[in-house]
Amino acid sequence: MLPKPQRLTKEKDFERVYKKGEFFAQDFLMGKMLKNNLNVTRFGIVVGVKISKKATKRNRVKRRLREAVRLKLKDIKKGFDVVIMVRPEIADKDYHEIDAAVTKLLRKAALL
RNA sequence: CAAGUGGACUAGAUGAUCGCCCCCGCGUAAUGGGGGGAGGAAAGUCCGAACACCCUUUGUUCUUCAUGGCAAACCAUUAGCGAACAAAGAAGUGGGUGCUGGGUAAUUCCCAGCGGUCCUGCAGUAAUGUAGGGUUAGGGAAAGUGCCACAGAGACUAUACUAGCUUAUAGCUCGUAGCUUUAGGCAAAAGGUGAAAAGUAUGAGGAUGUAUCUCGAGAUGCUACCUCGUUUCCUCCCGGGUGACUGGGAUGGAUGGCAAACCCCACCUGGUGCAAGACCAAACAAUGGUUGGUUGCUUGACCCCUCAAGUAAUCGAGGGGCUAGAUAGAUGAUCAUCUGAAAAAACAGAAUUCGGCUUAUGGUCCACUUGGGCC
RNA sequence: GGGCGGCUAGCUCAAUUGGUUAGAGCGUCUCGGUGACAUCGAGAAGGUCACAAGUUCGAGUCUUGUGCCGCCCA
C-alpha cells in the first residue's frame with residue numbers, strides 16, 4: 001500500500017486531473033498527470049467494473065499496481081498528481097508483466 | 001469400486017525482504033517497541049428483527065415566550081394547540097400469511113406431529129389396508145361469480161348422433177299390415193369422444209338387456225336393477241388426543257374439477273431507512289438543505305467449555321474469552337522451502353448490526369440409496 | 001447500501017387475460033429472372049419461449065426460486 005500522503009483521495013482531485021491532465025498510455029495501462037504545486041507526487045488507481053465483475057479480481061489488480069508503483073516511489077519526480085487507469089486485458093497478467101508495463105508507462109510520462 | 005442424496009469438519013504451513021489500517025496507562029527530541037487485522041458463504045437482497053428519525057394518539061412535567069423583525073444574497077420554510085420525556089399503533093384503501101403444537105426478538109425461518117401424495121415390500125379376487133422411505137404453498141368449491149380448449153350428441157341448468165319404443169303427418173302399395181319422409185315425446189343399460197360423462201368404489205349371487213362366435217342351443221365379454229359382504233366421503237352419537245386428527249357405532253344421505261381464477265373467512269401489518277440520525281465549523285436574519293470534518297462503529301438476541309430441562313428446535317445455571325472497524329476505502333506483494341497429483345488449490349473481499357433462506361465452491365470423513373465386481 | 005424493470009428466430013418486436021402445430025418484418029438459403037448484379041416473383045430453413053421446480057387435464061402466459069442484462073437514489 002502507498003503511504004497515505006502519496007494517495008489521491010478527494011473526488012475533486014480526481015475531477016481536476018481528469019479535466020486538465022495530460023494523457024499518456026502504454027500497453028494495457030493509461031494515465032493522466034497534472035502539476036499539483038506540492039513537494040510529493042500523489043497516485044490514484046482506477047479499476048472499473050469492466051475489468052471484471054468480481055470484486056476479488058479487481059482488488060488483486062489494484063494491489064499489484066500499487067505495489068509496482070510503491071517500489072519506484074523514491075525514483076519518481078515530485079510535484080504531480082497521477083491517475084492510472086487500466087484496460088480489461090490486465091486481468092490475466094501476472095505481477096512481473098504489470099511491473100514492466102508500469103516502468104515503461106512512467107518512463108513515457110517522463111516521471112522516472 | 002462408481003454415481004447420487006443428506007449431514008459434519010476444513011479452507012495450506014514456515015521463513016526472508018519491502019509495505020498498509022487500528023489499538024496500547026510502552027516510549028522518544030525524532031526514529032521506534034508490542035498486540036490485532038475478511039468469509040463460510042463477507043455474495044444474491046428473498047424475508048425477519050435491532051437501532052434511528054418522522055407521523056398520529058394518549059399521559060406526565062416544564063414554560064408563558066428565547067433568537068429575529070419580514071428579506072439584495074443558491075433553494076425552501078418561518079409565529080402556531082410551545083418544549084421535553086414516556087407509552088401505544090385504532091382504522092384497513094392497500095399489502096402479507098394460511099393443517100396442528102412448540103421454539104424464537106421476529107419471520108415466508110427452525111423442530112416435532114397430522115393429513116395428502118409417490119416409491120418399495122406384505123395382505124387381499126379387487127376396491128383397499130398396512131410397514132418403511134421420499135415429498136408436500138396443506139383454510140373455504142352445500143356464499144356468490146367465472147373457466148373447463150380440441151374432440152364429442154352432450155362439459156355442470158347436463159345431453160338424444162347411431163341403435164330402440166311411441167304419437168301425429170305425408171307418400172308408395174289392392175290392403176286395417178309393411179316400408180319410407182317430416183315434426184314431437186319417452187328412455188341414459190350399448191357404440192364412440194375426452195383429463196373429466198353427472199358422481200363412492202369393489203367382489204359374490206340373482207336378474208334384465210346387449211355385442212361377438214358357431215348349425216336353432218350354447219359359450220364368452222359388458223350390464224340398468226335387486227340382495228348380501230367389504231369400502232370412500234358427509235351428518236349424528238360414544239371414546240382417545242393440548243390440537244391437527246383419530247378408533248368404534250348408527251340411521252339417513254351422496255356434494256365433478258380449478259381459489260399459484262375473482263373471491264370469502266381468520267390472523268398480522270403506521271412510514272422511511274446508517275445515503276437513518278446526532279454534533280462541530282463555514283455561509284445565511286434564523287432553521288433546514290448545501291460544503292468540510294467528527295460521530296453513529298463494534299461488548300453483541302456474541303463465542304467456547306461443563307452440568308441440568310426437552311423426542312427435537314431451543315433454553316436455564318456456572319466458569320472462561322474479547323475475536324477487523326476501513327472511508328478513493330487497510331487486512332498485502334515478491335521469493336524460497338515443506339505437505340500435496342496440483343500451492344496459478346476452488347468459490348470468493350467486511351461497509352450499521354444480528355437471525356434465517358437461497359445460490360457459488362476445492363478437500364476430508366460419516367450415513368443412506370442405486371448399479372457393478374469378488375468371496 | 002437501498003429501490004425498480006426486462007429476457008420469445010441471427011436482429012427488432014407480437015401472441016387478444018391458460019387451449020390444439022408460438023407468428024410478423026428485416027436478414028439467411030434455394031429456385032426463377034439477367035450477359036452479370038440489384039430491385040422483383042416463388043419457396044424453404046431457422047425457437048431448450050433465459051434456466052429449474054410447482055399448480056393445472058393442459059403453462060410462452062399463473063406461482064416460487066435461480067441466472068444474466070439494464071435503470072434510478074449522494
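Residue numbers start from 1 in every chain, and the chains themselves are labelled A, B, ... in the order their sequence lines are given, proteins ahead of strands.
Enclosure of atom NZ in Lys57(A) is not indicated, since only 12 or fewer non-hydrogen atoms of other residues, nucleotides or ligands lie within 6.0 angstrom. Around the NZ atom of Lys72(A), the shell of radius 6.0 Å holds more than 12 heavy atoms that belong to other residues, nucleotides or ligands. Summarising the local packing, CZ of Arg60(A) is surrounded by 12 or fewer heavy atoms from other residues, nucleotides or ligands at distances under 6.0 Å.
Looking only at side-chain heavy atoms (C-beta outward), Asp81(A) and Met33(A) stay at 4.5 Å or farther from each other. Side-chain contact between Phe24(A) and Met30(A): absent, with no pair of heavy atoms (C-beta onward) separated by less than 4.5 Å.
Base-pair partner of G94(B): U269(B) (Watson-Crick or G-U wobble, both distances under 3.5 Å). Pairing of G43(C), defined by two Watson-Crick or G-U wobble distances under 3.5 Å, is identified with C29(C). Nucleotide G70(C) forms a Watson-Crick or G-U wobble pair with C4(C), both donor-acceptor distances falling under 3.5 Å. When both distances must be under 3.5 Å, the Watson-Crick or G-U wobble mate of A350(B) does not exist. Across the strands present, A224(B) finds no partner; the criterion is a Watson-Crick or G-U wobble pair with both atom distances under 3.5 angstrom. Look at A367(B): its Watson-Crick or wobble partner, with both distances under 3.5 angstrom, is U5(B). When both pairing distances are held under 3.5 Å, A326(B) makes no Watson-Crick or G-U pair with any nucleotide shown. In this structure U21(C) sits in no base pair that meets the Watson-Crick or G-U test at under 3.5 Å.
Between the C1' atoms of A163(B) and A187(B), the separation comes to 13 Å (whole Å). When the P atom is compared between G273(B) and G35(B), the two are found 46 Å apart, to the nearest whole Å. Separating the P atom of G65(C) from that of C357(B) is a span of 15 Å, rounded to the nearest Å. Only the C1' atoms considered, G121(B) is 37 Å distant from A250(B), to the nearest whole Å. Comparing G101(B) with G138(B), their C1' atoms sit 16 Å apart, to the nearest whole Å. A170(B) sits 16 Å from G175(B) when the P atoms are compared, rounded to a whole Å. Between U100(B) and A137(B), the two P atoms lie 15 Å apart (nearest whole Å). With P as the reference atom, G289(B) and G44(B) are 31 Å apart, rounded to whole Å.
Counting non-hydrogen atoms under 4.0 angstrom, Leu8(A) reaches the backbone sugars and phosphates but no base. At the heavy-atom level, Arg58(A) lies nowhere under 4.0 Å from the strands shown. Residue Arg63(A) is classed as a base contact, given a heavy-atom separation below 4.0 Å to a base.
Taking only side-chain atoms of Val46(A), from C-beta outward, the nucleotide of A328(B), A330(B), A333(B) with the closest atom is A328(B). Distance from the side chain of Glu67(A) is smallest to A333(B) among A333(B), G349(B), C21(B).
Heavy-atom nearest nucleotides on RNA chain B were determined for Asp94(A) and for Gly44(A), and the one closer to the 5' end corresponds to Gly44(A). Between Lys57(A) and Arg64(A), the one whose closest nucleotide on RNA chain B sits nearer the 5' end is Arg64(A).
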Residues Leu73(A), Gln6(A); criterion side chain to side chain contact (heavy atoms under 4.5 Å, CB included); working and verdict: CA-CA 9 Å; Leu73(A) 275 180; Gln6(A) 296 190 255; 3.5 Å; yes

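Of the side-chain N and O atoms in Thr56(A), one or more sit less than 4.0 angstrom from OP1 or OP2 of G349(B).
Taking only distance into account, the side chain of Arg70(A) meets the base of C18(B) through a donor-acceptor pair shorter than 3.5 Å.
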